[in-house]
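What follows is a set of notes on a single structure, which appears directly below.
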Amino acid sequence: MSKAVVFGTGSWGTTFAMILAEAGTDTTLWGRRAEVVDAINDRHENPEYLPGVKLPETLSATTDHVAAMDGADFVVLAVPAQTLRGNLAEWKDAIPPGAVLVSLMKGVELGTGKRMSEVICEVAEVPESRVAVVSGPNLVPELARRQPAAAVVACTDDEVAGRLQDACHLPWFRTYTNADVVGVELGGAVKNVIALAVGVAAGMGLGDNIRATLITRGLAEIARLGAALGADQHTFAGLAGMGDLIATCTSPLSRNRTFGENLGRGMTLAEVVAATKQTAEGVKSCESVLELARKHDVEMPITEVVVGVVHDGLSPGEAALLLMNRTPKPERYGL
């Protein structure tokens with residue numbers, strides 16, 4: 001039996017731990033807050049993030065990161081993207097030799113422009129072959145209800161990807177393996193930015209035509225950045241690209257779309273942040289994605305206006321005008 005520890009008792013970390021445990025993997029959740037850990041152990045529930053969801057009785061939780069990692073085959077990281085570096089520096093000395101580090105995070109680090117797997121390799125001092133990424137259209141409320149879904153397990157080492165695939169395989173949760181870590185991570189990170197834009201449009205009362213335009217041209221932005229960074233373009237037509245983008249941009253369960261929708265309705269950034277219980281990764285990652293695009297001379301106009309609206313005081317109406325009045329170009333080059 002494989003053993004896994006999941007760092008992060010938020011909704012996605014808890015849900016993935018539930019999946020691992022139900023798939024027969026010996027799984028432990030690590031959390032900082034004793035009251036959440038106690039609820040998972042005593043009541044088999046995470047009342048803070050997944051109220052009413054029954055967790056497997058085999059799933060345990062602890063606040064002791066050293067004990068949690070003892071003998072672990074998989075160390076799964078499900079913390080906010082911008083906190084990864086600091087957290088992993090605190091935990092790295094307890095990582096078992098040979099353990100695979102798994103990223104559930106969908107973001108790009110501010111300041112460095114590094115993908116999450118790059119941060120993991122750097123901080124934990126492990127090779128790419130020991131880092132895997134899980135991504136795809138995985139809206140947590142649906143997964144928590146055990147509704148059918150699929151995801152991508154990406155790793156440069158096919159054997160490692162296959163082992164992780166087996167560790168989380170369930171009749172209602174199917175995974176596909178992919179060696180394109182770059183493409184899978186970019187798809188997961190940039191789709192959050194595009195979902196903010198779609199949410200803003202929805203909040204403004206704009207129709208399906210502009211939403212479809214933002215989704216498809218957003219996919220073009222993701223693919224352009226991916227091409228510049230060496231990703232496999234086929235990845236963006238799959239679950240980790242188009243699939244995740246569609247789910248995040250169209251579902252009311254999406255944190256990033258909801259965040260953008262509130263901005264589009266006229267709420268201030270501070271008001272939306274105060275009303276948002278969980279992390280909307282696109283809010284911070286949009287800046288690092290834009291920095292990465294500029295570094296590689298990639299044009300990403302939707303990302304530019306999202307940064308403008310979220311961080312620079314640009315109104316949603318002004319953002320719409322900027323996008324629609326750009327100099328026309330051949331379709332293959334963007335909006």
Side-chain angles (χ1 to χ4, degrees), residues 2-8 12-13 16 20 30 65-66 68-136 151-165 167-168 175 177-190 192 222 225-232 235 240-241 279 281 284-285 287-289 291-293 295-296:
S2 296
K3 183 175 181 180
V5 54
V6 179
F7 281 85
W12 183 206
F16 195 72
L20 287 166
W30 175 90
H65 74 275
V66 176
M69 277 194 275
D70 185 29
D73 301 295
F74 301 104
V75 176
V76 183
L77 301 163
V79 298
Q82 305 308 325
T83 72
L84 172 63
R85 183 176 293 273
N87 281 321
L88 192 53
E90 178 184 340
W91 302 327
K92 70 174 185 178
D93 291 341
I95 297 172
V100 176
L101 284 83
V102 182
S103 171
L104 301 186
M105 299 158 291
K106 298 181 178 182
V108 175
E109 189 178 45
L110 285 166
T112 67
K114 291 183 182 292
R115 293 173 284 107
M116 296 295 97
S117 67
E118 293 178 304
V119 175
I120 292 170
C121 287
E122 180 181 322
V123 176
E125 300 179 71
V126 296
E128 290 182 347
S129 59
R130 280 182 56 194
V131 179
V133 174
V134 177
S135 191
V152 175
V153 171
C155 183
T156 58
D157 187 316
D158 290 341
E159 187 271 336
V160 169
R163 284 199 287 123
L164 179 56
Q165 181 184 43
C168 61
T175 54
T177 60
N178 191 331
D180 180 23
V181 175
V182 176
V184 170
E185 284 192 292
L186 286 178
V190 185
N192 287 329
I222 297 171
L225 183 59
L229 296 178
D232 182 347
T235 297
T279 303
E281 291 285 12
K284 291 186 177 179
S285 285
E287 292 183 288
S288 47
V289 168
E291 290 171 4
L292 193 60
K295 178 181 177 181
H296 292 274

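Here, residue 1 is the first one in the sequence, and each next residue gets the next number.
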Handout entry: Nearest-0.5 Å distance, CG of residue Leu110 to CD of residue Gln82
Key = 4.0 Å
Handout entry: Donor-acceptor under 3.5 Å (Ser288 side chain, Val108 main chain)
Key = yes
Exercise for the section: Hey, could you give me the CZ/OG distance between Arg115 and Ser285, rounded to the nearest 0.5 Å? Expected result: 13.0 Å
Exercise for the section: Using only heavy-atom distances, determine whether the side chains of Glu109 and Thr112 contain a donor-acceptor pair under 3.5 Å. Expected result: yes
Exercise for the section: Check the pair Glu159, Arg163 against salt bridge (Lys or Arg N to Asp or Glu O under 4.0 Å), reporting the backbone distance first and the verdict last. Expected result: CA-CA 6 Å; Glu159 187 271 336; Arg163 284 199 287 123; 2.9 Å; yes
Practice task
Answer yes or no: is there a donor N or O on one side and an acceptor on the other, between the side chain of Asp180 and the main chain of Asp232, under 3.5 Å?
Solution key: yes
Problem - Contact summary for Val6 and Gly13, nearest pair of heavy atoms - result: CG1-O, 3.5 Å
Exercise for the section: Scan for side chain to side chain donor-acceptor pair (under 3.5 Å) pairs involving residues 126-135, sequence neighbours excluded, and state none if there are none. Expected result: none
Exercise for the section: Measure the shortest side-chain to side-chain distance between Val131 and Val181 over non-hydrogen atoms and say whether it is less than 4.5 angstrom. Expected result: no
Practice task
Mind checking the CG-CG spacing from Asp157 to Leu164? Nearest 0.5 Å is all I need.
Solution key: 12.0 Å
Problem - Check: Glu185 side chain, Ser117 main-chain N or O, donor-acceptor pair, under 3.5 Å - result: yes
Handout entry: Side chain proximity check, Leu84 to Val123, heavy atoms < 4.5 angstrom
Key = no
Sequence neighbours excluded and cut-off under 3.5 Å, please list the side-chain donor-acceptor pairs for residues 97-106, or say none.
residue: Ser103; atom: OG; partner: Met105; partner atom: N; Å: 3.2
residue: Lys106; atom: NZ; partner: Gly136; partner atom: O; Å: 3.0
residue: Lys106; atom: NZ; partner: Asp244; partner atom: OD2; Å: 2.9

Exercise for the section: Kindly determine whether Leu229 and Leu292 satisfy side-chain contact (heavy atoms from CB on, under 4.5 Å), including the steps that lead there. Expected result: CA-CA 10 Å; Leu229 296 178; Leu292 193 60; 3.8 Å; yes
Practice task
Report yes if some heavy atom in the side chain of Thr177 is under 4.5 Å from a heavy atom in the side chain of Val152; otherwise report no.
Solution key: no
Exercise for the section: For the pair Val76 and Phe16, evaluate side-chain contact (heavy atoms from CB on, under 4.5 Å) and give the outcome as yes or no after the intermediate values. Expected result: CA-CA 9 Å; Val76 183; Phe16 195 72; 4.0 Å; yes
Practice task
Hey, could you give me the SG/NZ distance between Cys121 and Lys114, rounded to the nearest 0.5 Å?
Solution key: 9.5 Å
Handout entry: Donor-acceptor contact present, side-chain Asp73 to main-chain Lys3, <3.5 Å
Key = yes
Problem - Any residue meeting ring-ring contact (aromatic ring centres under 6.0 Å, His included) with Trp30, in chain and number order, not counting sequence neighbours - result: Phe7, Trp91
Completion exercise
Between the CD1 atom in Ile95 and the NE2 atom in His65, the distance rounded to the nearest 0.5 Å is 9.5 Å
Handout entry: Side chains of Leu225 and Val289 in contact at under 4.5 Å (non-hydrogen atoms)
Key = yes
Problem - Reported CG-to-OG1 distance for the pair Asn178 and Thr156, which is rounded to 0.5 angstrom - result: 11.5 Å
